[in-house]
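Order of appearance sets the numbers: ligands from 1, and atoms from 1 within every ligand. All values reported here derive from a predicted model rather than from experimental measurement. Quick note: residue numbers are just sequence positions, from 1. Atom set for the values below is all heavy atoms of this structure, side chains included, hydrogens, waters and symmetry mates excluded.
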Amino acid sequence: MKKNLTLTQKIIEKHLLEGKLVAGEEIGIRIDQTLTQDATGTLAYLEFEAMGVEKIKTKLSVSYIDHNTLQTGFENADDHKFLQTIAQKYGLYFSPNGNGVCHQVHLERFGVPGETLIGSDSHTPTAGALGMLAIGVGGLDVAYALATGRFYLKMPKVINVKLSGKLTGWASAKDVILELLRRLTVKGGVGKIFEYTGSGIKTLSVYERATITNMGAELGLTTSIFPSDEQTKKFLKLQKREKDFVEISADKNAEYDETIEIDLSKIVPLIACPHSPDNVKQVSEIRDVFLDQIVIGSCTNSSLADLLLVAKILKGKKVKVPTLISPGSKQVLANLIKSGAMSDLVSSGVRVLEPACGPCIGMGCAPVSGGVTLRTFNRNFKGRSGTDDAEIYISSPVVAAFSALTGKITSPAGKVPKAEVPKKIEIMNDLIIHPNKSGTNVPLYRGKNIKPIEKFPELENTSAGEVVLKLNDNITTDDIIPAGAKILPLRSNIPAISEYVFTKIDSSFVARAKEKNGGIIVAGENYGQGSSREHAALCPKHLGIKAIIAKSFARIHKSNLVNFGVMPLIFANPPDYNRIDMSDQLEIEDVKSLSSQKTLTVKNITKNFSFKVIHDLTERQLKILLSGGLLNCL
Ligand code: MIC
Ligand code: SF4
């Protein structure tokens, strides 16, 4: 047995089904747990059904309702009932509306150190705080794992993020991850796993670790992981799940691909300014930014520890700006009530929302036109709040609480109060519906918002089309399929939601794509960053988009494009991007040769020149792509 393994390698070795642990090579691993949420779940389970498998192959799978909780019409109420019957039929746990945000509840009730988890939500790595290998993926990958127990990925580089010292004053875990975003940007983590080590980790609770692993998604990381140690044991004991504790960490002489050092004692309160999580500044540099709204919550910062501290800061004082709080789970809410902290919050003037994603995904509480909102969330992409011209700042709950008391972005000051999580808390399990191990023969409820999944043909050998959109760097999946209370209810209805593709960027896109019978999209770096929503691949496919030619792609989105038979092609020579314009007629030749060749030629018929594109897909992915998608391939 080798004695120099990283924690990531240890977990992967234990779950390895195919391939070698060499960075960049494809591996197949056994998946212990899966999670879905309702905005991606309906599609994922329709895909699972299409695979025709009777029983799920994972140890534990959970279907959460947390995104489309407002049920503004029958659509999502119907989706939720569908999801509940699916869980009953196939033997999944079901966490209903109001029980909390999937990542928070998973941490509290289900995560197990050393196990593997994939989830159809990009913030699934939150469970890395417990020493799980937890990866965000598209719904089709979850469906495949449910059907086979397997998941494929390219072995990422493992980076040692060595923490020393300890956080002081008002600095918090959020500032650690904001510091990493400041240094590395939103594409700095693509193809990498961050493994946290060093003497500083023992000073961080699981709650703090979870904020860091959660927002690793904004770096584009495959995932982030902390070892399972005394802090993990303490957390699991508090959750009355001590039996799930396993100690697991990297070997002493573990070899990493790179090391990043962070001295926690040097971290200061930071803030991400509009409109990207890597646009980070020190809070003390921000002057006179008056706020229209503050929201404290989301899967990044809505834990009991976070909200107890906010309550301590607000106790006996009054907020000067509308301030909303959304606890991460019903359990957090129950314990805020039990400890008296909820009464302090309510007396200070905050509005209390249900435990759910809520405003984080634009499900209500949109700010005023041109307004400025400070949120403790993880993403501040333009328009994500539901108001296109609002400005979103992102900070820790502490900065949000101090700012609530002044009405403008404010540096925390004064003595840090003690706000410890009690030794005993109320455990909330009763809302979760447990599965009947052998499944139940319940009829599936299919509401009329749920449309059957579409079948696509194999790819043709020549793919011709017009450039129907030319985009810049860092296009998010929110740009492709916007968030918000108007569009989210349509997630189970692909023809209907496809009417909104790119509407925030170019309102004529859908009509043009339809008129041109699809076409090709040209983009810059890191295309498809952000969420795992497979709609961002499936809806363009529905409109006939054949290929995206970009300088580079975000990980989850690239897999989603492959899973739905859209070619993710990369400029061999990035400056060729500048030679292509909207409406150019392109022809991609010899598509079938993709299986044996890395390079394809694209003819620009309009401008009469050719350029080369490459791909970085594995043989397995190419087979899927050329078949027209994963469902065809199976
Ligand atoms: C998000 O935070 O963007 C979401 C909404 O949770 C998405 C999932 C989705 O679009 O349904 C994610 O992070 O994957
Ligand atoms: Fe929900 Fe926001 Fe977390 Fe996405 S980032 S899972 S919308 S709370």
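Screening Glu108, Arg109, Gln104 against Ser329 for a side chain to side chain donor-acceptor pair (under 3.5 Å) leaves a single residue, Glu108.
In this structure, Asn279 contributes its side chain and Ala272 its backbone to no donor-acceptor pair below 3.5 Å. Using a distance-only test at 3.5 Å, with no hydrogens or angles considered, no donor-acceptor pair links the side chain of Thr34 to the main chain of Gly119. A donor-acceptor distance shorter than 3.5 angstrom exists from the side chain of Ser326 to the backbone of Ala356, with no hydrogens or angles considered. Checked by atom type and distance alone, the side chain of Arg555 pairs as donor or acceptor with a backbone atom of Gly136 at under 3.5 Å. Of the possible donor and acceptor atoms, none in the side chain of Asp478 sits under 3.5 Å from a partner among the backbone N and O of Arg384. A donor-acceptor pair under 3.5 Å is absent between the side-chain atoms of Thr300 and the main chain of Ser298, judged by distance alone.
In this structure Arg209 satisfies the salt bridge (charged side-chain N to carboxylate O under 4.0 Å, His left out) test together with Asp229, sequence neighbours excluded. Residues forming a ring-ring contact (aromatic ring centres under 6.0 Å, His included) with Tyr45 (at least two apart in sequence, or on another chain): none.
Using the six-membered ring where Trp is involved, Tyr196 and Phe194 have ring planes that are perpendicular, over 60° apart on the 30 and 60° scheme.
Of all protein heavy atoms, the one closest to atom 4 (Fe) of ligand 2 is His67 NE2, 3.8 Å. At the top of the distance list for atom 7 (C) of ligand 1, counting protein heavy atoms only, stands Ser531 CB, 3.3 Å. Atom 10 (O) of ligand 1 has as its closest protein heavy atom Arg533 NE, 2.6 Å. For atom 13 (O) of ligand 1, the closest non-hydrogen atom on the protein side is Ser122 OG, 2.6 Å.
Under 4.0 Å from ligand 1, not a single heavy atom of His535 appears. Of the heavy atoms in Gln37, none comes closer than 4.0 Å to ligand 2. Within the 4.0 Å heavy-atom criterion, the part of Ile361 lying near ligand 1 is the side chain and not the backbone.
Counting heavy atoms only, Arg491 comes closest to atom 11 (O) of ligand 1 of the residues His67, His123, Arg491. The option with the heavy atom closest to atom 3 (O) of ligand 1, from among Met363, Glu534, Arg384, is Arg384.
Among pairs with a residue in residues 133-149, those fulfilling side chain to side chain donor-acceptor pair (under 3.5 Å) read Asp141-Asn563, at least two apart in sequence or across chains.
Set against the non-hydrogen atoms of Thr40, the atoms of ligand 1 under 4.0 Å away are 9 (C), 11 (O). Set against the non-hydrogen atoms of Ala39, the atoms of ligand 1 under 4.0 Å away are 11 (O). Counting the atoms of ligand 1 from 1 in the order shown, those under 4.0 Å from a heavy atom of Ser532 are 12 (C), 14 (O).
Residue Arg384 places a heavy atom less than 4.0 Å from ligand 2.
Looking at ligand 1, you'll find an N or O of Asp121 within less than 3.5 Å of one of its N or O atoms. In terms of polar-atom proximity, Gln37 is counted as a contact of ligand 1, with an N or O under 3.5 Å from an N or O of the ligand.
Within 6.0 Å of NZ in Lys81 there are 12 or fewer heavy atoms belonging to other residues, nucleotides or ligands. Heavy atoms from other residues, nucleotides or ligands lying under 6.0 Å from CZ of Arg351 number 12 at most.
Below the 2.8 Å limit, atom 3 (Fe) of ligand 2 has as protein N, O or S neighbours Cys299 SG.
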